[in-house]
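Structure first, then comments.
Just the heavy atoms: all of them, side chains too, but no hydrogens, waters or symmetry mates, feed the values below.
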Amino acid sequence: IEFAGQADLLLIGARNEMDNSLSLFYTPTNVPGLQVNRLATMDRGKFYRVTMNHVSVPLGAKLGRDGSDLAAIENIIHRARVALASRMMGACQGAFDLTLRYAKERVQFGQRIALFQDISFRLSDMTTWIDGARLFCYRTAWKIANGLPFEQDAAMLKSYLNEIYRHIADDCVQIHGGFGYMEESNPQFYYRRAITDVVRLGGSEELLEKVAQGMALTS
């Protein structure tokens, strides 16, 4: 769980042994039997493994009604995908700005590398993808704000950002050359973050399957 080490409360989903229904509980992080341990991840983010051993919470910690929380959890996941995709879009913009500035400053063979066709085409692809992603984020957020169905949009948006974030982060590192791979540089940070973000809350194949199901293309 990201940022679990900084949280005072966790929202936990648990099943009832009697009828297998799913319910949500808010659980303090300092209760006996609950442990929060920092994980070493490729992007060096603040991810934690939360383990529970005979954790007890008061009945008042239960949220919602018996068996009615699955839809609420799914709605949270859909919204979280939109939030994560929006953050990924911002990261794409940050990586592009960094790369564009470097390409305009770096000189090889007597001219700025931004003028080389391969580099200029890559930069053009980046800004085109980011512009489309930004509009997609705005449209999906508008649907959420107006109470319109957005589940398909959330899956498509996250899947799209999975692909372009990976490409942009990779090009960012490559255009910076050997310096882009060094831990002292910023390009490698975007690459590390992309590797983990693209698999969180659904990889591309899983999300495209959801899109196909929404169009009745699969059983």
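With hydrogens and angles ignored, the 3.5 Å screen pairs no side-chain donor or acceptor of Gln188 with any backbone N or O of Tyr181. No side-chain donor-acceptor contact under 3.5 Å links Ser159 to the backbone of Ala155. A donor-acceptor distance shorter than 3.5 angstrom exists from the side chain of Arg81 to the backbone of Leu201, with no hydrogens or angles considered. Looking only at distances, no side-chain donor or acceptor of Thr127 sits under 3.5 Å from a matching main-chain atom of Ser124.
In this structure Tyr102 satisfies the ring pair (Phe, Tyr, Trp, His ring centres under 6.0 Å) test together with His176, sequence neighbours excluded. For Asp97, the side chain to side chain donor-acceptor pair (under 3.5 Å) partners at least two apart in sequence or on another chain are Gln93. Partners of Lys210 according to the side chain to side chain donor-acceptor pair (under 3.5 Å) rule, which considers only residues two or more places apart in sequence or in another chain, do not exist here.
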Check the pair Asp171, Thr99 against side chain to side chain contact (heavy atoms under 4.5 Å, CB included), reporting the backbone distance first and the verdict last.
CA-CA 9 Å; Asp171 281 345; Thr99 307; over 6 Å; no

Stepwise side chain to side chain donor-acceptor pair (under 3.5 Å) test for Tyr191 and Gln174:
CA-CA 10 Å; Tyr191 185 83; Gln174 290 191 31; over 6 Å; no

Between Arg139 and Phe150, does the side chain to side chain contact (heavy atoms under 4.5 Å, CB included) criterion hold? Intermediate values first, please.
CA-CA 9 Å; Arg139 189 187 76 172; Phe150 69 94; over 6 Å; no

Could you please spell out the steps behind the side chain to side chain contact (heavy atoms under 4.5 Å, CB included) verdict for Asn162 and Met88?
CA-CA 8 Å; Asn162 284 352; Met88 293 166 68; 3.5 Å; yes

Begin with the C-alpha distance, continue with both residues' side-chain angles, and end with the deciding distance and a verdict on side chain to side chain contact (heavy atoms under 4.5 Å, CB included) for Ile195 and Arg192.
CA-CA 5 Å; Ile195 293 298; Arg192 288 175 182 272; 6.0 Å; no

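In terms of hydrophobic clustering, with Ile, Leu, Val, Met, Phe, Trp and Tyr side chains grouped at heavy-atom distances under 4.5 Å, Ile73 and Val57 are assigned to different clusters. When hydrophobic clusters are built by joining Ile, Leu, Val, Met, Phe, Trp and Tyr residues whose side-chain heavy atoms come closer than 4.5 Å, directly or via intermediates, Tyr165 is not grouped with Leu208. Cluster membership check: Leu24 shares its hydrophobic cluster with Leu9, using side-chain heavy-atom separations under 4.5 Å among Ile, Leu, Val, Met, Phe, Trp and Tyr. Hydrophobic clustering (side-chain heavy atoms under 4.5 Å, transitive across Ile, Leu, Val, Met, Phe, Trp, Tyr) keeps Ile77 apart from Phe25. Hydrophobic clustering keeps Leu161 apart from Leu207 (ILVMFWY residues linked when any side-chain heavy atoms are closer than 4.5 Å, directly or through intermediates).
Between Cys172 and Pro187, the shortest heavy-atom distance links the atoms SG-CB, 3.7 Å. Between Ser204 and Glu163, the shortest heavy-atom contact is OG-OE2, 2.6 Å. Across Ala114 and Ile119, no two heavy atoms sit closer than the pair CA-CG2, 4.1 Å. Smallest separation of non-hydrogen atoms from Ala4 and Val50: CB-CG2, 4.0 Å. Across all non-hydrogen atoms, the minimal contact from Pro28 to Leu34 is O-CD1, 4.0 Å. Here the closest non-hydrogen pair linking Ala169 and Ala194 is CB-CB, 3.9 Å.
Atom CD of Gln111 has more than 12 heavy atoms from other residues, nucleotides or ligands within 6.0 Å. Annotation for Asp8: atom CG does not count as buried by contact number, only 12 or fewer foreign heavy atoms lying within 6.0 Å. The number of heavy-atom neighbours closer than 6.0 Å to CZ of Arg38, taken from other residues, nucleotides and ligands shown, is above 12. For CD of Glu205, the number of neighbouring non-hydrogen atoms (other residues, nucleotides, ligands) closer than 6.0 Å is 12 at most.
The NZ atom of Lys104 sits 10.0 Å away from the CG atom of Leu115 when rounded to the nearest 0.5 Å. Taken to the nearest 0.5 Å, the CZ atom of Phe47 stands 11.0 Å off from the CD1 atom of Ile1. The structure places CD1 of Ile168 at 10.5 Å from CD1 of Ile175, a figure rounded to the nearest 0.5 Å. Atom CZ of Arg101 and atom CZ of Arg106 lie 16.0 Å apart (nearest 0.5 Å). Note that OH of Tyr26 and CG of Leu10 are 13.0 Å apart. Values are rounded to the nearest 0.5 Å. Annotation: the span from Glu183 atom CD to Phe189 atom CZ amounts to 13.0 Å, rounded to 0.5 Å.
At least one side-chain heavy atom of Phe121 sits less than 4.5 Å from a side-chain heavy atom of Gln117. At a threshold of 4.5 Å between non-hydrogen side-chain atoms, the residues Tyr190 and Val173 do not count as touching. Considering only heavy atoms from C-beta on, Met52 comes within 4.5 Å of Ile12 through its side chain. Side chains of Leu157 and Cys137 form a contact here, defined as non-hydrogen atoms less than 4.5 Å apart. Inter-residue side-chain proximity for Asp153 and Phe136 is flagged as met; some heavy-atom pair is nearer than 4.5 Å.
Note on Arg122 versus Asp125: no salt bridge recorded, every NZ/NE/NH1/NH2 to OD/OE distance being 4.0 Å or above. Classification of Glu206 and Lys158 as a salt-bridged pair fails, no side-chain N sitting under 4.0 Å from a carboxylate O.
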